[in-house]
Every structure is written in C-alpha cells, then in structure tokens.
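Computed over heavy atoms, backbone and side chain alike; hydrogens, waters and symmetry mates excluded.
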Amino acid sequence: MKKSSTTRWGTWTGAVLFALLAVARPAIAADPLVTVDWLKANLGKPGLAIVDFQPPPDYLRAHIPGAVNSNYGKDGWREERASDKVPDMLPAKLDALGEMIGKLGIDNNTHVVLVPAGMSSTDMGVGTRVYWTFKVLGHDNVSILDGGMAAWTKEQDKTKANPVQAGAQKAEAKAFKASLRKEMLVTMDDVKKAMKGGMLLVDHRPEDQYVGINRHPRAAESGTLAGAKNLPNGWTTVNGGGEFRKPAQ
C-alpha cells in the first residue's frame, strides 16, 4: 500500500486527527451532547440559540421552534486555502466568520445547540466540525443535539410529538468576538514532530480510504500517514446513524 505524503495532511475535513496532550481543557463548558428531552425542556429560554444544519428545503418544511438554518458548505464555516487549494480549512479571516456567527443570533454569552440532520454519522460530522470551530474561536458554551433532527422527529405517539415549526426563522443579529486558541490548530510541522516522537495518530476516514482501496476525490495519494491507526467516523455512532455511541463503547 502506498503511504500518502505528510505535505497533504489536512486535505479534507476529519481526514487525520491526533491527540495532543498539551491541549488544555476549558475550565467551564457546556455538555458536549444534549438530549431531545433536555432541549424540549429548554426551548425558548433566554441565551439559547439553536442552529439547524438540515438542507434548506428540509428546514423550511420542519425545524425545531426558534431554530435558525445555516448552510455548512456555503456559509463560511470552512474555506479552500488560496495558496495551495487545500479545501475545508478554518477561514483565514476570523472577523468574517465571527460576523456570520453573530448573524445567527449568537454572542459570546449564548449557549449554542447545533442540530445536524442526524440521518448518518456524516451528518453528525457536520455538527462536530462546527463544535470544534466554536472551541477554536474560544466559545465553550456549545453543544450538539444527540441524534440531530432525526431524533427530534422520531416516530412517536402523536399526543407526545415534539413541536416543529415551518418556514424561515430570522434571528436578531448580535456581536460575536472570536478569541483564537492557537494551541488547537495543528500545523504540518506539528504532525511531523508527532510522527517522529511516536505520538498516536488517528485517521478518522472510512476504512477503505485508510487502507488505500479507495481515495477521496481531493486526496493527492492513496493510503494514510505512516503508523496511523484507523477509527472510522461511522464507528462513532450507533449503526452509522445520528446517535453517538456511549463512552464505554
């Protein structure tokens, strides 16, 4: 199997992740996951913003009351790096990213709940990438709805159905100021040092890409980094769906 070059590390979102023990955990943060019951009990409370990542047509048909819609691929959560065309990078202009977040009705005191579509582990990957983005920007008060919108609308007794809303929801724009945590951004040199130092590298792509059978369209070569272990993204959710596996698993 041909090993890919470290110079192309980071070519796609979630391609290769690795643990850095030096990254500090925030002292105070919201729970990473919230349940449907928790969100239902907290709907409409001040200081809570719900961001829906369903495709716009699905959002317009039905969304959680008060949720605003964001297009993950087009709204500026990630961008192609101008120098070498590497896609899915953290935007270079954080002011523009902060302005986009502010237009969703979010300021630095807001508890943000992210709601992916929830039909697959890939859907939930949208939520985890945006979750990471908020953390990098210094905002710890952020959670993901476990199971996403699919869990909210799961078949149930009509008398106990969770409320939904149709049409577009506009938020009152607020001021969001980014405070970049540079220690959470990993460079090529960091990866090379990690490899030389024997640090664990975790490749989060599907197994067929990891072993080199298939290749992502934007990848320069097949395979993985030397010594990397595989934890496919589909394994992190129950049956590859929208519900995250329990910590013990």
Side-chain angles (χ1 to χ4, degrees), residues 13 26 28-79 88-119 123-153 161-181 184 242:
T13 303
I28 300 175
D31 289 337
L33 296 178
V34 295
T35 65
V36 167
D37 289 341
W38 183 94
L39 186 53
K40 188 174 181 179
N42 285 275
L43 281 181
K45 288 189 176 180
L48 181 70
I50 304 170
V51 183
D52 181 302
F53 288 96
Q54 294 183 95
D58 294 340
Y59 167 81
L60 292 173
R61 279 193 292 269
H63 58 263
I64 297 170
V68 295
N69 189 231
S70 183
N71 188 316
Y72 173 65
K74 297 181 179 180
D75 283 355
W77 294 104
R78 53 186 183 163
E79 68 180 12
D88 303 334
M89 303 295 287
L90 181 72
K93 297 181 180 179
L94 295 184
D95 288 345
L97 180 57
E99 182 178 356
M100 182 272 288
I101 291 172
K103 288 180 179 178
L104 296 173
I106 297 167
D107 61 22
N108 294 90
N109 296 314
T110 304
H111 182 182
V112 183
V113 175
L114 309 171
V115 183
M119 301 302 293
D123 286 345
M124 301 313 292
V126 171
T128 56
R129 170 59 186 254
V130 175
Y131 177 91
W132 172 84
T133 301
F134 272 105
K135 291 283 188 175
V136 170
L137 299 181
H139 192 82
D140 291 324
N141 204 8
V142 57
S143 306
I144 300 171
L145 177 63
D146 195 11
M149 190 63 187
W152 184 267
T153 57
N162 294 323
V164 294
Q165 185 178 34
Q169 176 76 27
K170 286 290 185 180
E172 180 181 350
K174 296 184 178 181
F176 180 88
K177 182 175 176 56
S179 298
L180 182 65
R181 287 174 169 148
M184 291 185 69

Please step through side-chain contact (heavy atoms from CB on, under 4.5 Å) for the pair His63 and Trp152, ending with a clear verdict. CA-CA 9 Å; His63 58 263; Trp152 184 267; over 6 Å; no

Could you state the interatomic distance from CG (Leu94) to NZ (Lys177), rounded to the nearest 0.5 Å? 10.0 Å

Gap separating the CD atom of Glu79 from the CG atom of Leu97, nearest 0.5 angstrom: 9.0 Å

Closest approach of Ile50 and Pro65, non-hydrogen atoms and distance? CD1-O, 4.1 Å

Step through it carefully: locate the ring centre of Trp38, locate the ring centre of His111, and say whether they are under 6.0 Å apart. yes

In sequence, state the C-alpha distance, the side-chain angles, and the governing distance for Met184 and Lys135, and then conclude on side-chain contact (heavy atoms from CB on, under 4.5 Å). CA-CA 9 Å; Met184 291 185 69; Lys135 291 283 188 175; 3.8 Å; yes

Search all heavy atoms of Tyr131 against all heavy atoms of Leu114 and return the closest pair with its distance. N-CD1, 3.5 Å

Hydrogens and angles aside, do Asp31 and Ser143 bring a side-chain donor and acceptor to less than 3.5 Å of each other? no

A side-chain contact here means heavy atoms from C-beta on lying under 4.5 Å apart; do Phe134 and Asn141 qualify? no

Heavy-atom closest contact (Asp107 atom, Ala175 atom, distance): CB-O, 3.2 Å

Side-chain heavy-atom pair Leu137, Ser179 within 4.5 angstrom cut-off: no

Check: His139 side chain, Thr110 main-chain N or O, donor-acceptor pair, under 3.5 Å: yes

Evaluate the side-chain proximity of Asn69 to Pro56: yes if any heavy-atom separation is below 4.5 Å, no if none is. yes

Nearest 0.5 angstrom please: Met124 CE to Asp146 CG, how far? 6.0 Å

If only atom types and distance count, is the side chain of Tyr59 paired as donor or acceptor with the main-chain N or O of Ala67 below 3.5 Å? yes

CE (Met100) with more than 12 external heavy atoms under 6.0 Å: yes

Nearest heavy-atom pair of Gly76 and Pro91: which atoms, and what distance? O-CG, 3.2 Å

Taking 4.0 angstrom as the limit, do Arg181 and Asp140 come out as a salt bridge? yes

Between Gly118 and Ala150, what is the shortest heavy-atom contact and its length? O-CB, 3.5 Å

State, to 0.1 Å, how close Arg129 and Trp77 come at their nearest heavy-atom pair, and which atoms those are. NH2-O, 4.4 Å

When you look at NZ of Lys103, are more than 12 heavy atoms from neighbouring residues, nucleotides or ligands closer to it than 6.0 Å? no

As an exercise, state the distance from CD1 of Ile64 to CG of Asn162, rounded to the nearest 0.5 Å. 8.0 Å

To the nearest 0.5 Å, what is the distance between CG (Leu39) and NZ (Lys45)? 11.0 Å

For the atom pair CZ (Phe53) and CG (Leu145), what is the distance rounded to the nearest 0.5 Å? 12.5 Å

Donor-acceptor pair, Gln54 side chain versus Ala62 backbone, under 3.5 Å? yes

Taking the side chain as everything from C-beta on, heavy atoms only, tell me whether Val113 gets closer than 4.5 Å to Val51. no

Any non-hydrogen side-chain atom of Leu43 less than 4.5 Å from a side-chain atom of Pro163? yes

Does the pair Asp58 and Arg61 meet the rule for a salt bridge (Lys or Arg N to Asp or Glu O under 4.0 Å), with working shown? CA-CA 5 Å; Asp58 294 340; Arg61 279 193 292 269; 2.2 Å; yes

Check: Gly66 main-chain N/O paired with Gln165 side-chain donor or acceptor under 3.5 Å: yes

Side chains of Val164 and Met149: closer than 4.5 Å at any heavy-atom pair? yes

